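For the single chain, residues carry numbers from 1 onward in sequence order. Each ligand, and each atom within it, is numbered from 1 in the order the structure gives. Owing to the predicted nature of the structure, the values given are computational and were not obtained by experimental measurement.
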Amino acid sequence: MSCLRAIGNTIHYDTVIVLGQFSGTTAVRIAASVEAEIRDGHLPPGAQLPPIRALATELGVSPMTVASAYREVGRRGLVVAAGRRGTRVADRPPLPVRTRIFVPQGTRDLATGNPDAELLPSLADALGRIDTSRRLALEEGKLPALVELAAERFAADGITTSGVAVVGGALDGIERALLAHLRPGDRVAVEDAGFVRAYDLVRPLGLDLEPFRLDDLGPRPDELDRALERGARAVILTPRAQNPTGAAIDAKRARELRDLLTAREDVLVIEDDHADGVAGSPAFTVCDPGRPNWATVRSVSKSLGPDLRVALLAGDATTLSRVEGRQLIGPGWVSRILQQIVVTFWSDPAARELLAQAERTYTARRVRLLHELTERGIRAHGRSGLNVWIPVRDESAAVAALLQRGWAVTGLERWRLRSEAAIRITTATLDVEEAGPLADDVAAALETRAGTYSA
Ligand SMILES: Cc1ncc(COP(=O)(O)O)c(C=O)c1O
């Protein structure tokens, strides 16, 4: 049994693991037993695997056999090699197990990263207005009205697309774009710090992560250049509302990145515009009109609600046709009921005003917390979106100290590859009146072992 400690939303597992729970004398059998332990919930997301040598001794096999078993489960995205921190179970292993976000009762949840339910437009109203007659499979999968509205919205932001695909959320779109171009063993440049679910999406596809660093204006050109020099065949970047840092690309940075990427037309560029509509920052694209190999995915998860599972994908003709062709022989299309709901929200002036109001509210909440933190000498970031990012010396200590004061926030151990330790505070539901007391508690928490880098 692993020894479990819960700190904030992060579940920690001491590395004391009874080795007897693993079995097998071949790499295939050992890999199967690791998979079974994960599937059965004995090894939850984030749990540490035993050191290779210890397990080899226990099972009476060579360390190479265990290393080969770990490589196999790593290839399938079940576990992640974390350098000196050993090997641990992925945050989202591709098995039907769930990451447990642990928010103790009575604690203010600023960890789960969702939009504010109070700021989402009413689904009941939209459902009352859509055509619910049964649709047949052979009809057009995409709603022309949705495609038209999406194309207008892309065009308004200078994104010239040869069409629009409708996919089941941002991550679905990203996965489909990657599969349209890449092969196992290819490298993908990813943001560091970055969205942990994107990391966990890429690994089981057999793709290797090549991290690049950010600043408040998004990907640093020198860093992205280096990642591409190291052979990355694709890049996934978040143009605004970057999760967890809140970075947002401005016009100048977009130009710099576009220049860099135009010189590398063979690289697939994927823009994850997951918070379109509520990002609190304008959209800039790094893809030149006419560029081959690109996709911009816009999800409605943050603006209209994560349960809609709808995103719109712009791109070049080849990428679009591959994505749509593959989708057609799999799920076929995204439910037209859901597509109609999006059309209803996007075309109703009252719903549009509500969304604009939601965006202003998110911005006010984030900006207020940043202001209060800066006043207390704490270096914090969050140019856009629903999160504030604070570098700290010790993530677990910071999360624990804030939890003691009644705030559940996210420690970012798993959200970074080489970048510094940090915590994420989701401000989506943070009342502006709470920002001062929260900033006091952050200041107090960071005076402990958690530490901080001053402003
Ligand atoms: C950067 C980023 N991309 C994608 C998503 C998820 O989008 P979707 O629900 O459309 O898959 C999130 C959700 O928080 C996110 O933070």
K.L.:
Counting only heavy atoms, tell me which of Ala170, Ala311, Pro244 gets closest to atom 8 (P) of ligand 1.
P.N.:
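The option holding the nearest heavy atom is Ala170.
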K.L.:
Looking only at protein heavy atoms, which one is nearest to atom 9 (O) of ligand 1, and how far off is it?
P.N.:
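I find the closest protein heavy atom is Ser301 OG, 2.7 Å.
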K.L.:
Within the supplied structure, the quantity of interest is the number of heavy atoms (other residues, nucleotides, ligands) at a distance under 6.0 Å from Glu148 CD; does it exceed 12?
P.N.:
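Open.
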K.L.:
Give the numbers and elements of all ligand 1 atoms closer than 4.0 Å to a heavy atom of Leu171.
P.N.:
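Near Leu171, meaning under 4.0 Å from one of its heavy atoms, ligand 1 has 11 (O).
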K.L.:
For Val147, which of Gln339, Lys142, Glu152 qualifies under side chain to side chain contact (heavy atoms under 4.5 Å, CB included)?
P.N.:
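By the side chain to side chain contact (heavy atoms under 4.5 Å, CB included) criterion, Val147 pairs with just one of Gln339, Lys142, Glu152: Lys142.
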K.L.:
First locate atom CG of Asn243, then atom NZ of Lys302, and finally report the distance between them rounded to the nearest 0.5 Å.
P.N.:
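That separation rounds to 7.0 Å.
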K.L.:
Among protein heavy atoms, which sits nearest to atom 15 (C) of ligand 1, and what does the distance come to when rounded to 0.1 Å?
P.N.:
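Heavy-atom neighbour on the protein nearest atom 15 (C) of ligand 1: His274 ND1, 3.3 Å.
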K.L.:
In Å, rounded to the nearest 0.5 Å, how long is the span from OG1 of Thr285 to CZ of Arg291?
P.N.:
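Those atoms lie 9.5 Å apart.
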K.L.:
Looking at ligand 1, would Gln242 count as a contact under a 4.0 Å heavy-atom criterion?
P.N.:
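No heavy atom of Gln242 comes that close to ligand 1.
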K.L.:
What part of Arg197 sits under 4.0 Å from ligand 1 if we count only heavy atoms: the side chain, the backbone, both or neither?
P.N.:
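Arg197 to ligand 1: no contact under 4.0 Å from either part.
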K.L.:
Among all protein non-hydrogen atoms, which one is nearest to atom 14 (O) of ligand 1, and what is the separation to 0.1 Å?
P.N.:
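Ranking protein heavy atoms by distance from atom 14 (O) of ligand 1, first comes Lys302 NZ, 2.6 Å.
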K.L.:
Distance only, no hydrogens: is a donor on one side chain within 3.5 Å (strictly under) of an acceptor on the other, for Thr319 and His181?
P.N.:
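Distance-only check passes for Thr319 and His181.
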K.L.:
Is there a nitrogen or oxygen of Asp172 sitting under 3.5 Å from a nitrogen or oxygen of ligand 1?
P.N.:
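Asp172 vs ligand 1: no N/O contact under 3.5 Å.
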K.L.:
Taking Thr161 for its side chain and Gly163 for its backbone only, find out whether a donor-acceptor pair lies under 3.5 Å.
P.N.:
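Flag set: sc Thr161 to bb Gly163 pair under 3.5 Å.
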K.L.:
What is the distance from atom CZ of Arg414 to atom CG of Leu412, rounded to the nearest 0.5 Å?
P.N.:
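Reported to 0.5 Å precision, the distance equals 10.5 Å.
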K.L.:
Please write down residue, atom name and distance for the protein heavy atom closest to atom 16 (O) of ligand 1.
P.N.:
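Protein heavy atom with the smallest distance to atom 16 (O) of ligand 1: Asn243 ND2, 2.7 Å.
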K.L.:
Any idea which protein heavy atom is nearest atom 5 (C) of ligand 1, and the distance to it?
P.N.:
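Nearest neighbour among protein heavy atoms for atom 5 (C) of ligand 1, to 0.1 Å: Phe195 CE2, 3.4 Å.
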K.L.:
Please list, in number order, the atoms of ligand 1 under 4.0 Å from a heavy atom of Ser299.
P.N.:
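Selected atoms, number and element: 8 (P), 10 (O).
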K.L.:
Roughly how far, to the nearest 0.5 Å, is CD1 of Ile236 from CZ of Phe212?
P.N.:
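With rounding to 0.5 Å, CZ (Phe212) is 8.5 Å from CD1 (Ile236).
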K.L.:
Starting from atom 3 (N) of ligand 1, find the nearest protein heavy-atom neighbour and note its residue, name and distance.
P.N.:
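Result for atom 3 (N) of ligand 1: Asp272 OD2, 2.5 Å.
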